[in-house]
Protein chains: 2
Amino acid sequence: MSRSSTGYHHGDLRRALLEAGAALLEEQAPARVSLREVARRAGVSHAAPYHHFGDRGGLLKAIGDACMGDFLARQEDAAAAEGDPADRLVALGEAYVSFAAERPHAFALVFDPELCPPQDPSPERAPLIARNEDLLAECVAAWLTARGRGLEDLEALSTAFWGAVHGLAALVGEGQLGREQVAPALRALVR
Amino acid sequence: MSRSSTGYHHGDLRRALLEAGAALLEEQAPARVSLREVARRAGVSHAAPYHHFGDRGGLLKAIGDACMGDFLARQEDAAAAEGDPADRLVALGEAYVSFAAERPHAFALVFDPELCPPQDPSPERAPLIARNEDLLAECVAAWLTARGRGLEDLEALSTAFWGAVHGLAALVGEGQLGREQVAPALRALVR
DNA sequence: CGTCGGTCTTGACGGTGTAAAGATCCCGGT
DNA sequence: ACCGGGATCTTTACACCGTCAAGACCGACG
């Protein structure tokens, strides 16, 4: 079960399909990545993917899990920086937005409710979501205490900040906003 | 060119297709509304739509224009209410979000960059967009002056508020957020 | 009354997702 | 050593989709 392709049996088809699908996703929107094209790029027949992922949704969901990992990793890098809590919050937001700007289709996939249903996420994805929520709440809490405010509004402010950051990211990813408009908006938000 | 369907010539096919498409959009995501199903529901052959809309994208774009009209109308109703500028801002946001919650597929269509490109919007849509931006800026400006602040941050704060409201709407429409989480978040935002 | 142009239908093509059946190969038990 | 079972991959087939080309139909205008 190694990497050698012995002709008939591929050896590592699952990974190859995931990579081909991810590559395709960088070029086209999730709705446009087709099972058959992914199989074509992986050099196998169009029905081969069915053994590893139940159907098209399964493949896209698995790709979405990988994208979610990248997405979280970028946010953690940004939030790991030292500095003023307000700057950290802005950095987290800019990381969120920059992912959506640079990989709009991956971003769209991660939040596609049909492909990646937020209810009962995959076992691989659930911890990433939890970690992301913790990261957000932690940054907001640090910002609150740095401003001498209590934590009674933590939840409301966390979802508000998530909303703001997610909205800016979506608008940039959809081409409604220029990327240069994001930083001023974020700075205005954290006062 | 009236409403009678004389058997062969429909008489008002364009409107009928728009209505059938809009109805289908209430049930399914934009990616899943098919030209053929719309034609089926309108009682015509599968190629009939091509005379009125160039292709599938044309039909979806026209439906999207209508949805944008509904969307703007709802925001204007909300912002027309009297009261504290902060409350007006919250009301505008809740109208924005409630549209996304009640008609998630219409909301998704309006902001779909492939179907409804934000660059060179249709002549029917452009004034709606402009009106919407004015409405937002006006509400934010009133809120700013009510709080005794100058208007130097108007643009940044307008896009920040747009982002927040759009993000909350998207997250609710995608099922990531419960609708009951929105109002507290909005109130926390306007302080 | 004829014919002309717009409206709608029919039929075809290539692409898609999916299911069923067949081919091929690896692996474990004898 | 071998051979049989099960996993992997291919082939074939079907229904649906968007799109195009050709034809049928009808209203309107000469």
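Chain A is the first sequence line, chain B the second, and so forth, proteins listed ahead of strands; every chain is numbered from 1. For clarity, every value in this text was computed on a predicted model and none was experimentally measured.
- Rounded to an integer number of Å, the gap from B:Arg32 CZ to D:dC16 P is 15 Å.
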Would you mind writing out the side-chain donor-acceptor pairs for residues 173-191 of chain B within the sub-3.5 Å range, not counting sequence neighbours?
{"unit_1": "B:Arg179", "atom_1": "NH2", "unit_2": "B:Glu102", "atom_2": "OE2", "d": "3.3"}
{"unit_1": "B:Gln181", "atom_1": "OE1", "unit_2": "B:Gly178", "atom_2": "N", "d": "2.9"}
{"unit_1": "B:Arg191", "atom_1": "NH2", "unit_2": "B:Leu189", "atom_2": "O", "d": "3.1"}

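- Contacts with DNA chain D (heavy atom under 4.0 Å) in residues 111-120 of chain A: none are found.
- For A:Ala130, there are no side-chain contact (heavy atoms from CB on, under 4.5 Å) partners at least two apart in sequence or on another chain.
- In this structure, B:Arg14 contributes its side chain and B:His52 its backbone to a donor-acceptor pair below 3.5 Å.
- Within a 6.0 Å sphere centred on CZ of A:Arg32, other residues, nucleotides and ligands contribute 12 heavy atoms or fewer.
- Sorted by first and then second residue, the side chain to side chain donor-acceptor pair (under 3.5 Å) pairs involving residues 138-156 of chain A (not counting sequence neighbours) are A:Arg88-A:Glu138.
- For residues 38-57 of chain B, proximity to DNA chain D is found at B:Arg40, B:His46, B:Ala47, B:Tyr50, B:Asp55, B:Arg56, defined as any non-hydrogen atom under 4.0 angstrom from a strand atom.
- Taking CG from B:Leu24 and CG from B:Leu59, the interatomic distance works out to 9.5 Å, rounded to the nearest 0.5 Å.
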Q) So B:His166 and B:Phe111, side chain to side chain contact (heavy atoms under 4.5 Å, CB included) or not? Walk me through it. A) CA-CA 10 Å; B:His166 185 80; B:Phe111 287 98; 3.6 Å; yes
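- Annotation for A:Arg15: atom CZ does not count as buried by contact number, only 12 or fewer foreign heavy atoms lying within 6.0 Å.
- Under 3.5 Å, the side chain of A:Arg36 and the base of C:dG17 form at least one donor-acceptor pair of N or O atoms.
- In this structure a side-chain-to-backbone donor-acceptor pair under 3.5 Å is present from A:His105 to A:Leu25.
- Separating the CG atom of A:Leu60 from the C1' atom of C:dG17 is a distance of 12 Å, rounded to the nearest angstrom.
- The CD-C1' distance, from A:Gln28 to C:dT16, rounds to 13 Å in whole Å.
- Atom CH2 in A:Trp162 sits 9.5 Å away from atom CG in B:Leu168 (nearest 0.5 Å).
- Direction change of the helix axis from one end of the helix from C:dC1-D:dG30 to C:dT30-D:dA1 to the other is 20°, with five pairs defining each end axis (rounded to 10°).
- A salt bridge is absent between A:Arg41 and A:Glu19: the closest approach of a Lys/Arg side-chain nitrogen to an acidic carboxylate oxygen does not fall below 4.0 angstrom.
- Distance B:Leu13 CG to C:dG6 C1': 13 Å, rounded to the nearest Å.
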